[in-house]
Amino acid sequence: MPEEAGFPPAKKFRPSAGPPSRAGSCPPGRRAVMLLAAGGGGGGGGRRQQPSLAQPSASPYPEAVEQQRRNLPIFQARGQLLAQLRNLDSAVLIGETGSGKTTQIPQYLYEGGIGRQAIIAVTQPRRVAAISLATRVSDEKRTELGKLVGYTVRFDDVTSDDTKIKFLTDGMLLREAILDSLLRKYSCIILDEAHERTIHTDVLFGVVKAAQKRRKELGKLPLKVIVMSATMDVDLFSQYFNGAPVLYLEGRQHPIQIFYTKQPQHDYLHAALVSVFQIHQEAPSSHDILVFLTGQEEIEAMSKTCRDIAKHLPDGCPSMLVLPLYASLPYAQQLRVFQGAPKGYRKVIISTNIAETSITITGIKYVVDTGMVKAKKYNPDSGLEVLAVQRVSKTQAWQRTGRAGREDSGICYRLYTEDEFEKFEKMTVPEIQRCNLASVMLQLLAMKVPNVLTFDFMSKPSPDHIQAAIAQLELLGALEHRDGQLTLTPMGRKMAAFPLEPKFAKTILLSPKFHCTEEILTIVALLSVDSILYNPPSRRDEVQSVRKKFVSSEGDHLTLLNVYRTFKNTGGNKEWCKENFVNSKNMMLVAEVRAQLRDICIKMSMPILSSRGDTENIRRCLAHSLFMSTAELQPDGSYATTDTHQPVAIHPSSVLFHCKPACVVYTELLFTNKCYMRDLCVVDAEWLYEAAPDFFRKKLRTARN
DNA sequence: GAGCACTGC
């Protein structure tokens, strides 16, 4: 069995040194400072990312905390770092995992009296990271969270007038920029995890750069910008920030052995299975395995197969605890990956790329990387977003490998050949080039960016891509041309106030006209979080019979509304959710989102009415705001979108899957094996015509007859 | 006729 995957002798490397070159990757001709070369293991904090589900605990001994700070490798570079950063407007800081840069740099700046005139901001792509980092740093400063050190994430602002070091999500800082595009509250902005290239961080690059320049011109408090990244490949960052110097920090990572396959693997699932049991039969049971696959279905199937095989292993072989892990898995089941396995059991965690960055599991000795990932691609020609299984990038492969060496030396099995690896894309395409830009454009316009068409993105989306977003905003009535420039209409300005996709903001803003704002708030909140419906594949029949009582023949929006209403009316709790196959975590989130949206409506003095039992008004309102996302039944029984006549199908998750309504609006198109419409609502074709006569003048034919 | 990577405001 071991030979089947065909692994040649291993290569050794230190993961965050990453791709082959290390010292050599310092861009030539640029001022580079190698700040530190301290190594060695040993305890101590400074681990940046805590597992998202287990909050770090504060150390009971303050002296120990201070000692831990001093033990971090970065401490020896403190003086040198401060001297550098004091004089720079912008800097790029490369730090290996475990260097402690995220927790220490803000404190060094503050202690060194840099940026004390205002707030030092540190952005994070994820909420949990912002919260746990703020907790950690306020512990280290021996202050109460929310005083000197605080955090701001959606629904949760733990800051005060005393706050000088503030951790926040990148999306939150972007929201703040709508209110003040010069970000005057801040003396220093640290954009952390920049290598992840989230859409928010990418927009912030441009916003922060512009604010820095503008503040200088106006003679205001200078803005210091520090970009922090884990990859050595930082040419882009440095170039973008006017050749900002690159500072390098070493961290502590443990060596990891890498095995490639000898032959390309046609069946990566089979190869993964073989590798798992090869390791299982050879390694001590305390060594856990992390396997990267692409999605829920695949993971559930593989989990079952592993459990079945594990039942029939020879004597003396350890037992196996197989744990699936993916985002839509209920919270309680996700938690199991952090619990220790019973004695004599080996944990085998089978995960999506959620374990690449978002969830850090300790004690992983082996990583099995299939080299595959399910990811969204954007096709600017068709404007379609496609969700497809594809090869990972090199950066992603290194990230996966690094998950094996967090506490001790590790081993990574790559289920592809070294030649194949060399052909992987160097970097993952940044999110900003892969998704619909309507929200981004709306936000930039709300910040009064002089010309959104030529905005200074680090990695520019194609002009088609930007144009498609502008066209969508125009259809929604958000834009006007004034003095040869694009600006927001009053409607557009209101839309920008909502933390929503523009079309959903428009739905809310139209709802008073249809007297159904209460219902629309619920529906939009339901659509803007992950599905509240939990569908364990093994209990499909049970799910269907329980769900029957909620189903509306008018579509998914009204079905979801029924679920939410019943939940509220019966004083819904976790027990109710469990009985009704509802994801309680997402349900709680819906209530929070709804409250936030309702507050925004109230601040705008919008009348908030309920349509009571009338569902027609709700459907009319959806028709009037989602008119660009409609499909009609064709004579042959299939569906085609109204605008481009793209063939589409009703997604199997829809309550309308077995029905054939003449005309529907949908909230999302998803291309997998086919082009599927998700979240449908039955509408009358006439309403669409009322909503946008120009748009439909030529397009609506069949359904009206 | 049969299926949903991951964040975030």
Side-chain angles (χ1 to χ4, degrees), chain A residues 52 123-130 152-157 168-179 193 196-204 292-301 325-329 351-359 372-377 385-390 392 396 399 428 431 434-435 439-440 442-443 446 496-502 504-505 525 528-531 533-535 537 540 583 589 592-593 596-597 600 636-639 647-654 656-660 668-679:
Chain A
S52 66
T123 67
Q124 291 294 318
R126 284 168 291 280
R127 295 165 51 93
V128 273
T152 306
V153 297
R154 191 181 187 183
F155 309 127
D156 204 3
D157 181 11
L168 71 178
T169 46
D170 48 9
M172 205 68 214
L173 187 60
L174 207 51
R175 277 269 136 211
E176 290 189 7
I178 294 179
L179 302 175
E193 309 283 10
E196 287 191 29
R197 303 297 302 274
T198 69
I199 194 163
H200 292 146
T201 297
D202 262 33
V203 177
L204 278 175
F292 284 101
L293 297 187
T294 69
Q296 173 177 348
E297 198 178 317
E298 209 173 77
I299 287 168
E300 291 293 352
L325 180 64
Y326 45 88
S328 60
L329 197 69
S351 174
T352 61
N353 43 345
I354 194 172
E356 237 171 72
T357 48
S358 305
I359 290 180
M372 306 304 283
V373 67
K374 198 178 281 183
K376 227 172 220 177
K377 285 195 284 193
E385 290 178 327
V386 179
L387 191 62
V389 172
Q390 51 197 300
V392 296
Q396 253 180 310
Q399 181 70 30
T428 313
E431 202 183 353
R434 284 187 289 129
C435 46
S439 290
V440 167
L442 185 67
Q443 283 175 354
F498 288 93
L500 293 170
E501 270 182 61
F504 292 143
S528 65
V529 308
D530 283 339
S531 177
L533 305 180
Y534 174 54
N535 299 311
R540 193 179 300 184
N583 182 318
L589 194 57
E592 261 187 311
V593 172
Q596 186 191 27
L597 300 177
I600 297 171
D636 67 357
S638 70
Y639 282 86
V648 288
I650 296 177
H651 196 279
S653 67
S654 172
L656 298 178
F657 184 55
H658 292 288
C659 312
K660 294 220 176 282
E668 190 187 20
L669 274 190
L670 184 85
F671 201 103
T672 49
N673 291 330
K674 262 198 235 168
C675 196
Y676 286 106
M677 302 178 278
R678 285 173 74 176
D679 294 323

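Computation of the quantities below employed the complete heavy-atom set of this structure, encompassing side-chain atoms and omitting hydrogens, waters and symmetry-equivalent molecules. Keep in mind it's a predicted model, so treat the numbers as computed, not measured.
Between the CG atom of A:Leu179 and the P atom of B:dC9 there is a distance of 15 Å, rounded to whole Å. When the P atom of B:dC9 is taken as reference, atom CZ of A:Arg175 falls 10 Å away, rounded to whole Å.
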With B for base contact, S for sugar-phosphate-only contact and - for none (protein heavy atoms under 4.0 Å), nucleotides 2-7 of chain B reads BBBBSS

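No engagement by A:Val389 is indicated, since no non-hydrogen atom pair under 4.0 Å with the nucleic acid exists.
Taking A:Asn673 as the reference, nothing meets the side chain to side chain donor-acceptor pair (under 3.5 Å) condition, with sequence neighbours excluded. In this view, A:Asp202 and A:Arg197 satisfy the salt bridge (Lys or Arg N to Asp or Glu O under 4.0 Å) rule, not counting sequence neighbours. The side chain to side chain contact (heavy atoms under 4.5 Å, CB included) test applied to A:Arg154 returns A:Arg127, A:Pro499, A:Val593, A:Gln596, not counting sequence neighbours. In terms of the salt bridge (Lys or Arg N to Asp or Glu O under 4.0 Å) criterion, A:Glu431 has no residue partners (sequence neighbours excluded). A:Asn583 is linked by a side chain to side chain donor-acceptor pair (under 3.5 Å) to nothing, counting only residues two or more places apart in sequence or in another chain.
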